[in-house]
Amino acid sequence: MLRRALEEAIAQALKEMGVPVRLKVARAPKDKPGDYGVPLFALAKELRKPPQAIAQELKDRLPLPEFVEEAIPVGGYLNFRLRTEALLREALRPKAPFPRRPGVVLVEHTSVNPNKELHVGHLRNIALGDAIARILAYAGREVLVLNYIDDTGRQAAETLFALRHYGLTWDGKEKYDHFAGRAYVRLHQDPEYERLQPAIEEVLHALERGELREEVNRILLAQMATMHALNARYDLLVWESDIVRAGLLQKALALLEQSPHVFRPREGKYAGALVMDASPVIPGLEDPFFVLLRSNGTATYYAKDIAFQFWKMGILEGLRFRPYENPYYPGLRTSAPEGEAYTPKAEETINVIDVRQSHPQALVRAALALAGYPNLAEKAHHLAYETVLLEGRQMSGRKGLAVSVDEVLEEATRRARAIVEEKNPDHPDKEEAARMVALGAIRFSMVKTEPKKQIDFRYQEALSFEGDTGPYVQYAHARAHSILRKAGEWGAPDLSQATPYERALALDLLDFEEAVLDAAEEKTPHVLAQYLLDLAASWNAYYNARENGQPATPVLTAPEGLRELRLSLVQSLQRTLATGLDLLGIPAPEVM
RNA sequence: GGGCCCGUAGCUCAGUGGACAGAGCAGCCGCCUUCUAAGCGGUAGGUCGGGGGUUCGAAUCCCUCCGGGCCCGCCA
């Protein structure tokens, strides 16, 4: 974080010059002198001097930090050249997670209906949510990951009904969530569908009473195999039926009814319902009234979301938890009536849900504000991501128009296996390498783009192992690891032997922590993914550097001192790539 | 009708006030007697959707138009 220190020093000097502003230090373009620079044009008006003069004055007044060799005025910019040895020392410094700050951040993601197998749309949710949870934890937050199980929803009821209605028996081989999903799709194709509604209703009521939990759990466990294969982590499962039984909804409504903006109109469109007037919080609404309780007494789904959000942030209590028996996640806890009382009391929440839920999520924040918690409303974030198209078309779970995550994982692994076979026939564990590369390709393709951009899932690109991909970063990592493996132990580096090649690589290495903090701040992993691509590219360029037809940067055969320097740098690079990949939930193979 | 988001090279995308707009894929030309060629170097390719404005400076901020996606139910 040399940049931060430099920014600090500049801010101090500018303050003494009478302009108390903090300027961002940026990398200088390749063709300009120095490593970093700040533009000073913005100060010209206030100081009533040309920017060139300001650059000169700042240079004269600025006590240079010890790691800066020289400040160089370039037009209206003041650039800085770092001392090579200080730069290298910083690049070689082992990176560790940022110090813990108090306060829980609760990340909810996945939350797939427990009624059929996961498809590519869920993939984006999981990849984003899992990555942001890891990034926040590295950035010093205490993170809890929650997966919400909507076991009283219509989808679950329909699947359970269909399984029974069609008298389907499981052959024990097909993955159970796929089996259940086929029943669901069949029901929606059934010409009798409308006539079956009352029977489905009955299942729905049984679910609300928590009677069919084992049947739902069976589907959930099958889905969880996929989540686990994707390398996603969870701390808590919360079942909708437990929320219902804990009476969170009633408690939340009781709180809300204390607000003058929540009331029961006696006449008009909303007569008999409990409605919330969101206009004090969300201006410009055509119709600012939202039904919480229908006139028949049932709750709307966002009323339940509101109650759940209140629980997450410690406004309400009432859920109980016990360890969750499952083969994938040893420490996982689940809500359960017989468990122990627990409330996370999150000071901040991130709900990872697609952009179509933006409106209901805004209502959740509105409810927090109306209930007297405007400060919490600001900390209730919606990580909204755009939907995933499948080869240019909208997916549909009901019609079975989707590609399952299991299928994609399998296909990616098959392709990766073929490539490992071809490129590295002596690989000690091809299967494991193929699994890691497949995972890298799939997850990276989901997080490298900004969440708010729609992505089109195309096999050809998502499973590509070349170019701007996860495997490109993994390959860079494996290359570095290969050198370190051959090197064994080594002694002290001689920083004074550094060439411009080491310098360039070190400079790129310095940006890692900033990329992580940016990603955490903006709540988007793509910032980190893009950085890792840059870093891997920088390393590959270093690796391949040639002068006069000869390798310019051999590591193992370099002269003493320089060899150790290069090894240390490669090690730092390798660890940085591994850490960065891990923050995206992607394994870093040592050999591939 | 109201609201949110997107529009950057043939395609997929970074860059969201600062130094001549960057990658990948596809195309063309090179590089394995080099620590893994899943790689590297070079070349070609752009009115940053159009127009107007603010600014010393705009892909980035404001207005407007065009094109595309999504949301707006006492469904979930």
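All chains are named by letter (A, B, ...) in the order of the sequence lines, taking the proteins before the strands, and each is independently numbered beginning at 1.
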For Phe465(A), give me all partners under ring-ring contact (aromatic ring centres under 6.0 Å, His included), at least two apart in sequence or on another chain. none
Which is true for Val420(A) with a 4.0 Å heavy-atom rule: it touches a base, it touches only sugar-phosphate, or it touches nothing? base
Is there a side-chain polar atom (N or O) of Thr449(A) under 4.0 Å from OP1 or OP2 of rC13(B)? no
Aromatic rings Tyr302(A) and Phe290(A): how do their planes relate, parallel, tilted or perpendicular, breaks at 30° and 60°? perpendicular
Val244(A) vs Leu249(A) side-chain heavy atoms within contact, under 4.5 Å: no
Determine whether any donor atom in the side chain of Asn79(A) lies under 3.5 Å from an acceptor atom in the base of rA19(B), or the reverse, and answer yes or no. yes
Looking at side-chain heavy atoms only, is the closest gap between Thr413(A) and Arg417(A) below 4.5 Å? yes
Under the rule for side-chain hydrogen bond (donor to acceptor under 3.5 Å, both in side chains), what residues qualify as partners of Gln52(A), not counting sequence neighbours? none
To the nearest angstrom, how far is Tyr501(A) atom OH from rG41(B) atom P? 11 Å
Quantified in whole Å, what is the C1' atom distance between nucleotide rA26(B) and nucleotide rG73(B)? 47 Å
Could you pull out every donor-acceptor pair under 3.5 Å between side chains of residues 441-454 of chain A and any protein atom, sequence neighbours left out?
residue   : atom : partner   : partner atom : Å
Arg443(A) : NE   : Leu584(A) : O            : 3.3
Arg443(A) : NH1  : Asp130(A) : OD2          : 3.0
Arg443(A) : NH1  : Leu230(A) : O            : 2.7
Arg443(A) : NH1  : Asn231(A) : O            : 3.4
Arg443(A) : NH2  : Asp130(A) : OD2          : 2.9
Arg443(A) : NH2  : Leu584(A) : O            : 3.1
Ser445(A) : OG   : Ile442(A) : O            : 2.8
Lys448(A) : NZ   : Asp468(A) : O            : 2.8
Glu450(A) : OE1  : Lys453(A) : NZ           : 3.4
Gln454(A) : NE2  : Thr387(A) : OG1          : 3.1

Among side-chain atoms of Gln357(A) and Asp305(A), is any donor-acceptor pair under 3.5 angstrom? no
For residues 547-562 of chain A, dump all side-chain donor-acceptor pairs below 3.5 Å to protein atoms at least two apart in sequence or in another chain.
residue   : atom : partner   : partner atom : Å
Glu547(A) : OE2  : Tyr501(A) : OH           : 2.7
Thr553(A) : OG1  : Tyr542(A) : O            : 2.6

Using a 3.5 Å distance criterion without hydrogens, assess whether the side chain of Glu386(A) forms a donor-acceptor pair with backbone atoms of Val355(A). no
Just jot down the ring-ring contact (aromatic ring centres under 6.0 Å, His included) partners of Tyr148(A), sequence neighbours excluded, or say none. Phe308(A)
rA19(B) versus rC13(B) - spacing of their P atoms, nearest Å: 25 Å
Calculate the interatomic distance between Ile483(A) atom CD1 and rU36(B) atom P; express it in whole Å. 7 Å
Quick one: does any side-chain atom of Ser464(A) pair with a main-chain N or O of Gln460(A) as donor and acceptor, under 3.5 Å? no
Would you mind calling rC66(B) syn or anti? Take O4'-C1'-N9-C4 for purines or O4'-C1'-N1-C2 for pyrimidines, and syn is within 90° of 0. anti
Between the side chains of Asn540(A) and Tyr475(A), is a donor N or O closer than 3.5 angstrom to an acceptor N or O? no
Exam field: side chain Asn115(A) to backbone Thr159(A), donor-acceptor pair closer than 3.5 Å: no
Taking atom C1' in both rC6(B) and rG42(B), compute the distance separating them and give it to the nearest angstrom. 35 Å
A correct dot-bracket answer for RNA chain B, with pairs being Watson-Crick or G-U at under 3.5 Å, [ ] for crossing pairs and | for inter-strand pairs, is ((((((((.[[[[.)..(...]]]].(((((.......))))).....[[[[[..)....]]]]])))))))....
How far, in whole Å, is rC29(B) from rG68(B) if one measures between their C1' atoms? 38 Å
Rounded to the nearest 0.5 Å, what's the gap from CG on Leu58(A) to CD1 on Ile10(A)? Could you check? 6.0 Å
Using whole Å, what does the distance between atom C1' of nucleotide rA19(B) and atom CZ of Arg27(A) come to? 15 Å
Which is true for Gly37(A) with a 4.0 Å heavy-atom rule: it touches a base, it touches only sugar-phosphate, or it touches nothing? base
Report which part of the nucleic acid Val591(A) touches: base, sugar-phosphate, or nothing (heavy-atom distance under 4.0 Å, all strands). base
Measuring only between side-chain heavy atoms, which start at C-beta, is Asp456(A) closer than 4.5 Å to Glu461(A)? no
Using the 3.5 Å cut-off, write out each protein N or O paired with an N or O of nucleotides 54-63 of chain B and the distance between them.
residue : atom : partner  : partner atom : Å
rC56(B) : OP1  : Lys45(A) : NZ           : 3.0

For Arg3(A), is there an ion pair with Glu514(A) - N to carboxylate O distance below 4.0 angstrom? yes
Should we count CZ of Arg393(A) as having more than 12 external heavy atoms under 6.0 Å? no
Would you say Phe512(A) and Leu528(A) make side-chain contact, with heavy atoms under 4.5 Å? yes
What nitrogen or oxygen pairs link the protein and nucleotides 31-34 of chain B at under 3.5 Å?
none

C1' gap between rC35(B) and rC5(B), integer Å: 48 Å
In whole angstrom, give me the gap between the P atoms of rC61(B) and rG69(B). 23 Å
Tell me, for nucleotides 20-28 of chain B in 5' to 3' order, what letter each nucleotide earns: B for a base near a protein heavy atom under 4.0 Å, S for only sugar-phosphate near one, - for neither? B--BS----
How far does the P atom of rA44(B) sit from the matching atom of rG3(B), given to the nearest Å? 47 Å
Side-chain atoms of residues 194-205 of chain A: list all donor-acceptor pairs with protein atoms under 3.5 Å, sequence neighbours left out, distances to 0.1 Å.
residue   : atom : partner   : partner atom : Å
Arg195(A) : NE   : Glu192(A) : OE1          : 2.8
Arg195(A) : NH2  : Glu192(A) : OE1          : 2.7
Gln197(A) : OE1  : Arg154(A) : NH2          : 2.1
Gln197(A) : NE2  : Tyr193(A) : O            : 3.1

Proximity to RNA chain B (any heavy atom under 4.0 Å), residues of residues 470-480 of chain A only: Tyr472(A), Tyr475(A), Ala478(A), Arg479(A)
When rounded to whole Å, the NZ to P distance for the pair Lys448(A) and rA14(B) reads 10 Å
Contact letters for nucleotides 68-76 of chain B, in which S counts primed atoms plus P, OP1 and OP2 and B counts the base, heavy atoms under 4.0 Å: -SSS--BSB
Short side-chain N/O contact from His526(A) to OP1 or OP2 of rG15(B), under 4.0 Å: yes
Atom NZ of Lys452(A) to atom P of rC13(B): distance rounded to whole Å? 14 Å
Could you check how far CD of Gln530(A) sits from P of rC13(B), rounded to whole Å? 12 Å
Students often get this wrong, so: under 4.0 angstrom with heavy atoms, is Val570(A) touching a base, only sugar-phosphate, or nothing? nothing
Name the residue closer to the 5' end of RNA chain B, choosing between Leu40(A) and Ala545(A) according to the nucleotide with the nearest heavy atom. Leu40(A)
rA21(B) versus rA59(B) - spacing of their C1' atoms, nearest Å: 8 Å
Leu533(A) CG to rG15(B) C1': how many Å, rounded? 14 Å
What's the CD-P distance between Gln550(A) and rC35(B), to the nearest Å? 12 Å
